[in-house]
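This report concerns only the one structure given below.
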Amino acid sequence: MTSTVRFLRVELGYGCHGAGTFEIPEKDAPVVIAGPNGSGKTTLVEALVRTLFGFDRRQPADRDCLAARVPWSGDRCRAEVEIRGGDGRRWRVRREFDDGHVRVVSLDDGSTWAGDGNPASANQEALEYRRRLAGIFGLAEIEHYESTACVAQGRLLDTRLREELLQIEAGGYGNVDEARARVAKAHEALTSRPIDGAGRGKTKPRRLESADSEIARLRSRLASADAVLGWRAPLEQEVDAARARVEELDLAIGRLEAALAPLNGRRALESKIQVLVERQGVVQASRNRVERASRQLAEIEDAVAVPLGERYPADFLERLGRLEWLWTRQAALRADRDRLNAAPREADIPPVWIAPAVAAVLAAIGAVAAVGMGSAMPAMVGAALAIVVGTALLLHRGKRARRREEALSRKQVVYGELDRIGEDLSREMDGIPRASTLSPATLDERRRAFEAQRRAAEKIDAARQALEEELLDAARTLDAAPPTDGTLQDLAALRAAQCAAAQEEIRTALARAHVEVENLAAVHLPDGVDATPEAVEAALAERRKERRAAEQRARAAETRLLQEGTGHESPVAIRDELVLLEAQRAAIEREVLVHEAAHALIRDAYQEFREHDRDRLLSAVSRSLVDLTGGRIGPIEAPGSLAEATVGVSGRQVELRSPPLSYGEFHAALFGIRLGASDFHARSGIRPPMIVDEPFAYLDLERARDLWRLLCAVARERQVFVVTQETLTLDALGVVPDIVLPALSGSALPAGTSPSGPAP
Amino acid sequence: MIRLLHLADVHLGASMSSFGDAADARRRRLLEAFRELPEAARADDVHAVLVAGDLFDRPEPGAEEKAAVAETFARLIRDGRPVFVVPGNHDSATLHRHPYSEPLGGARVFLGPVFERQSTETAGGPLHVYGLSYDMAREDAPLDSYARADLPGFHVALLHGSAEFSPHWRIGRNALRLPLAALSALACDYVALGDYHGFRPPERFGGASGAPACYPGSFAALDLTETGPRGWVVVELEDGSLPRVRHRPSSVPPLQDLGTVDVGGAAHNEAVVDRVAERVDPGALPVARLVGVPDVAVDAELVSRRLAERFGFARIEDASTFHASARLDRIAEDDTVAGHVVRLGRRRIAQAPDQGAAAIAERALRVALHALGVT
Ligand SMILES: [Mn+2]
């Protein structure tokens, strides 16, 4: 299916055409633009072409040409063409030549696109314009047009079937580049790697790369989550070991603490035993001392025992003093008496020694009897008798003297005093043992006896006092009641008994304490610990210290376990996530591969397609030749290079030259090549207008007629513009120009071209 | 007779990333469905609830998930249904932080590395639950620690671990392995398992001679492989017989695997959509594989989108063979780039060394034609 592109109308502010409008008739014969040399025919068709394609300001020729097209009126250079596009729609394209800005309006729905239409630009707008232009016109590059359907003045004969024709890629095969770009864009959304495996990828990660790095992240997370397991086991063991040690130590500490009380108890018992033992010693000593003192007292008492009658009164010495005086007085008185008695009869007076002698005899008898009878009684009786007899004898002698001196008063006074002295003597003698034998002669002996007796009493007193002290001491020791009634010896016996009782008590307590100690001995101590409170305390201190250390170790290990030995993530969960993500990544990669394959497929299919370009070009040219000549010429064959192509004429292949081709055949062949190449290049089925400038130059009428017929044949398939100044030839061919431009007229509108319709 | 509600692998807070745009809604739906448990427990009049691990998808779940669990468990317990929980491997108690370090509505959680027993009196009789939290660093053979107490009542083991058919069986010591023989050796009345996301009733653990074990499967489909009904099981235990297990679906929409859907001759994508849609059960989300030779280059994305508009979510795998269509036959005849693309594309499909490569070549042809404007 083919569609023909037609120019319909043009409005110019371009070169000599200051403000001209040309309606272009729709017909299936060539549109003829005629006018004398310099009338602007070429400028008019150039305006049609350049409105669409613009000028490339980088090209000097284009630059010069554009400079020459500033309207003579001085207005801005611009043009607007209406066109029926290859897509069947009507378009108006307006170009501002100053800046290359174009405006494309759909005359069907009024939609408008405007933007940069500069052929030199490579921006998105310019590309879009060219895309649109290809859609409307079939071609987007002026070179392609000028090398095919647009035949400039005198260029037809230059037409060659050249390899270059095959190198013009643009536009002819559908939107291959666009399609590949579309695929590449979809690919680029998936991955940053280059789609064709060549060149550099994008730096920004896309879905595939994101998935890859996410997978890598997951893998490293998985590795560390797994690694935690490796750290965890030894840490757990460390914690367990430390905890076990703490428990062990707790047990030991418990045992030690439990042992401590009994051990302290034993120590208390032992000191109690010590105290008891000491007390026992004290009591024993106290008792011993009491007994000894008591014994000593008894012994002393026994040793110095004085019969009652032998005991001297305490004032014996004072009495002796007084007795000595009395005796002295008595003796003096007796001497007086004796002198007095001697006078009468002294012989009658018994001698003075009779009385003591008798008394002594009696006493001696008593003493002998006492010894013989083993009793003191006879002695005492003897003594008493002695005293009594002695006294009686004395009294008897006194009576005899007194009686003798009765007469004599002096004698009486002496006797009286003797009596008193006698009384005093007897009074003083009273209580003195063996008083009868007491005399100045026995005085010393008696004094010694008295002294001995006094010393013995003192000794007894000392012993007694000693005993009393011991008793007091014992009472203190025993903490007993103060001394009660009874003799010292009784008390001593009591205290001794008390001491014995106390000792017995202490012995019992000791025995009990020993049993207790015996019981306490059953404590369980860790090995190597002596059963003493000190050793236990030391062991305790040591174990408490170690326990603290072990506890600290356990806590440190637990902390590390918490920090290093427990992961923050579950390896299983990560693995599950990884499985999902890998599936997603596989899907993305599959899509990537799909797009790479699609991209390659389009590329390869296109290349394959292009490999048939020669055939396609030759068949397009052949077809157009056959069409143009009604089958007289054709087909074209090119077994070697295109330059050596041959054309079939009258059943044989000949070179594309004249001769062997006739001049008309040669022209037909040239047009065939032009049009075939145009078809070949144009987007499938779109046929841009053919423009032929001055085709009749140097042609004789015969040949001009042939050419005209050829152009009419072309015009059945596409719009054809014939630009010529050969009015005579036109006349001869019977052709009436559609647009006649007058001779150069400055700014005047070409006659007969406005508003529309062919000139008459 | 005692009746237990046994669930596992709820994975609250799971990303549901496979569900794409529907993931957020599904996550919320999962939480809602979980909150419905007390009503479900009441409807079946169960005596206790067993949760066999992976209740949470992550060791540090969001506040919303934790609150929902605490509240739901509290309601179950208030209704007289004690709740027993073991951690799984997604929410493992061996992790630095885990959701079981705080009370969850009064549920009884097993956190020791070896079996512990927790007993309770229920209307169905005494129940003794033996559970553990697997921690290989502390105990790598925890099953050996099982000792059935000599007490009347039902003895139930609660474990999160992988049986031989579970995908986690192969991943090493991070997951507790449960050989069938070891499960049988436990000598209890029921082994409530979690971890494997498929439903495995006791009959498939060796029957009367095997273990009275059961995997209830995941509570709701978490990815697109988890098709079919998902939920929990209600177990009836009676002395001397295998546990009777009934599967109960959760209210989270299940994925319905339609298998292959023939779209042969379909002239446009809407027709493909209709072919799939007419086979979808109410409330289900379709998962389908398109086959056949359609007259249109099926746009699986578009079809999935259209189906998702109708059902909430759909997953369409396109294995249709547009390249063999009559339409492409016609295009192949043209001397155009598209014609060449079809011809070369078909050659490449035919020459693909394997099915995967052929599928890529097939789809590449479609992408190329689409890019060239052939639809
Ligand atoms: Mn799970």
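Quick note on labels: first sequence line is chain A, next is B, and so on, each numbered from 1. As the structure is a prediction and not an experimental result, all values here were calculated from the model.
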If you count heavy atoms of other groups shown closer than 6.0 angstrom to [atom1] of [X], is the number above 12?
{"X": "B:R177", "atom1": "CZ", "answer": "yes"}
{"X": "B:E301", "atom1": "CD", "answer": "no"}
{"X": "A:R243", "atom1": "CZ", "answer": "yes"}
{"X": "B:E102", "atom1": "CD", "answer": "yes"}

Give, for atom [atom1] of [X] and atom [atom2] of [Y], the distance between the pair rounded to the nearest 0.5 Å.
{"X": "B:H340", "Y": "A:E611", "atom1": "NE2", "atom2": "CD", "answer": "9.0 Å"}
{"X": "B:L365", "Y": "A:L601", "atom1": "CG", "atom2": "CG", "answer": "6.0 Å"}
{"X": "B:D334", "Y": "A:F609", "atom1": "CG", "atom2": "CZ", "answer": "10.0 Å"}

Interchain contact, [X] with chain B, by part (heavy-atom threshold 4.5 Å):
{"X": "A:H612", "answer": "side chain"}
{"X": "A:Q584", "answer": "side chain"}
{"X": "A:L580", "answer": "side chain"}

Please tabulate, for the side chains in residues 350-361 of chain B, all donor-acceptor contacts under 3.5 angstrom to protein atoms that are two or more places apart in sequence or on a different chain.
unit_1	atom_1	unit_2	atom_2	d
B:D354	OD1	B:G356	N	3.0
B:D354	OD1	B:A357	N	2.7

A:E236: side-chain contact (heavy atoms from CB on, under 4.5 Å) partners, not counting sequence neighbours:
A:R232, A:L561, B:D135, B:A137, B:R138
Going by the rule side-chain contact (heavy atoms from CB on, under 4.5 Å), which residues pair with B:L302 if we only count those two or more places apart in sequence or in a different chain?
B:N269, B:D299, B:R305, B:R306
Which atoms of B:D223 are under 4.5 Å from chain A, going by heavy atoms: the side chain, the backbone, both sets, or neither?
side chain
Measuring heavy-atom distances to chain A, does B:R348 have an atom under 4.5 Å in its side chain, in its backbone, in both, or in neither?
side chain
Top contributor to chain B contacts, counting heavy-atom pairs under 4.5 Å, from A:V572, A:V183, A:I574, A:D240
A:V572
In sequence, state the C-alpha distance, the side-chain angles, and the governing distance for B:H168 and A:D576, and then conclude on side-chain hydrogen bond (donor to acceptor under 3.5 Å, both in side chains).
CA-CA 9 Å; B:H168 287 162; A:D576 288 350; 2.6 Å; yes
Please rank B:H98, B:R347, B:R343 by heavy-atom pairs under 4.5 Å with chain A and give me the top one.
B:R347
To check you understand the geometry: which heavy-atom pair defines the closest contact between A:A598 and B:A364, and what is its length?
CB-O, 3.3 Å
Under 4.5 Å, heavy atom to heavy atom, which residues of residues 589-597 of chain A contact chain B?
A:R590, A:E591, A:L593, A:V594, A:H595, A:A597
